[in-house]
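Below, chains carry the letters A, B, ... as their sequence lines are ordered, and counting in each starts from 1. Values below: every heavy atom of this structure, side chains too, minus hydrogens, waters and symmetry copies.
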Number of protein chains: 2
Amino acid sequence: MVMTASFRTNTVDAPGVLPHPLPEPSRDDIALEAIFGALSQPLRLTIIQKLLLESEQYDHACGWFGFSRPKSSLTHHFKALREAGLIRQRQYGLERRSRVRIEDLDARFPGLLDLLVARSAQP
Amino acid sequence: MVMTASFRTNTVDAPGVLPHPLPEPSRDDIALEAIFGALSQPLRLTIIQKLLLESEQYDHACGWFGFSRPKSSLTHHFKALREAGLIRQRQYGLERRSRVRIEDLDARFPGLLDLLVARSAQP
DNA sequence: CCAGAAGTACGAAGAAACTCGAACATATCG
DNA sequence: CGATATGTTCGAGTTTCTTCGTACTTCTGG
């Protein structure tokens, strides 16, 4: 995964109230190949699924997920998800909380998120 | 992409008439991570899109696509798509023809193929 | 101010993917 | 049979991931 697209610091949700999002690709720069590349990593797919299925209305810091991996590994994977355009990250004091960019992804690739949370048919 | 799942030589379409498919994962062994990994390569995503949008009813040999890459590279990418469960390949005399496993993919991951052929919104 | 907590940055080592040439296999056609 | 066409296999070189330790930064709470 290489970061080539242009990045911006967007301010969608109530500027002044929420911390600014970390640099991320704009909606139109989200590429399907990058999405697929990011989601081909099992841990990263799990992160997105967990956010979609178990998060309640709020963003979650990476400690919330309960992964037993070194912190630097988690940084790496969350950054990969952010740079692919899958999550938005905001700094709240010490912790950095993530949420799925649901609106952007639904607008750009309708059906993608449904695909990720659908229980795969196991006959 | 590593090949770990069990493989079988399935015989879905009129055995005796069509050549046997090359070894491929069974429908239930198709994994989302593997799909995503395969489609994160731009050329491979193009192959699937071209098959879905431009193929008329038949399988296509890799010469049909008109890629200007060494033959060994094409072999590599078609094999990756087959091992991920995205395409089925059959040997017709000299040439090896590929088609998307539409039924299997629709059954296992509804919406996936629609996602691949949807024209991404470019405002 | 200091200690602890959350996370980053850097870098290195190993694994995996990508690209491609060269040699080989096999089917078809004249 | 020999030439050609399609595609494979093998191997090497290069690049990209992945993992993780270490050191560093920054915020928060006493």
What is the distance, rounded to the nearest whole Å, between atom [atom1] of [X] and atom [atom2] of [N]?
X: B:K71; N: C:dA25; atom1: NZ; atom2: C1'; answer: 11 Å
X: B:D59; N: D:dG7; atom1: CG; atom2: P; answer: 12 Å
X: A:Q91; N: D:dT25; atom1: CD; atom2: P; answer: 16 Å
X: A:L43; N: D:dC20; atom1: CG; atom2: P; answer: 11 Å
X: B:E83; N: D:dT9; atom1: CD; atom2: P; answer: 10 Å
X: B:F67; N: C:dC18; atom1: CZ; atom2: P; answer: 15 Å
X: A:I47; N: D:dT18; atom1: CD1; atom2: P; answer: 12 Å
X: B:R82; N: D:dG7; atom1: CZ; atom2: C1'; answer: 12 Å

Residue whose nearest DNA chain D nucleotide is more 5′ - B:E95 or B:S72: B:E95
Ranking A:S68 and A:Y92 by the position along DNA chain D of their nearest nucleotide, the one closer to 5' is A:S68
How about A:F78 and A:F67: are their ring centres within less than 6.0 Å of each other? no
Under a plain distance cut-off of 3.5 Å, with no hydrogens placed, do B:E33 and A:S40 share a side-chain donor-acceptor pair? no
Any chance the side chains of B:R96 and B:Q91 put a donor and an acceptor closer than 3.5 Å? yes
To the side chain of [X], which of [options] is closest?
X: A:R44; options: C:dT8, D:dT18, D:dG7; answer: D:dT18
X: A:L94; options: D:dT18, C:dT26, C:dA6; answer: C:dA6
X: A:Q41; options: C:dT19, D:dC20, D:dT19; answer: D:dT19
X: A:S73; options: D:dT19, C:dC20, C:dC18; answer: D:dT19

Considering only NZ, NE, NH1 and NH2 on the basic side and carboxylate oxygens on the acidic side, decide whether A:D104 and A:R88 come within less than 4.0 Å. yes
Do A:H60 and A:L51 come within less than 4.5 Å of each other through their side chains, counting heavy atoms only? yes
Can a side chain N or O of [X] be found less than 4.0 Å away from OP1 or OP2 on [N]?
X: B:R69; N: C:dT19; value: yes
X: A:H76; N: C:dC10; value: no
X: B:R96; N: D:dT6; value: no

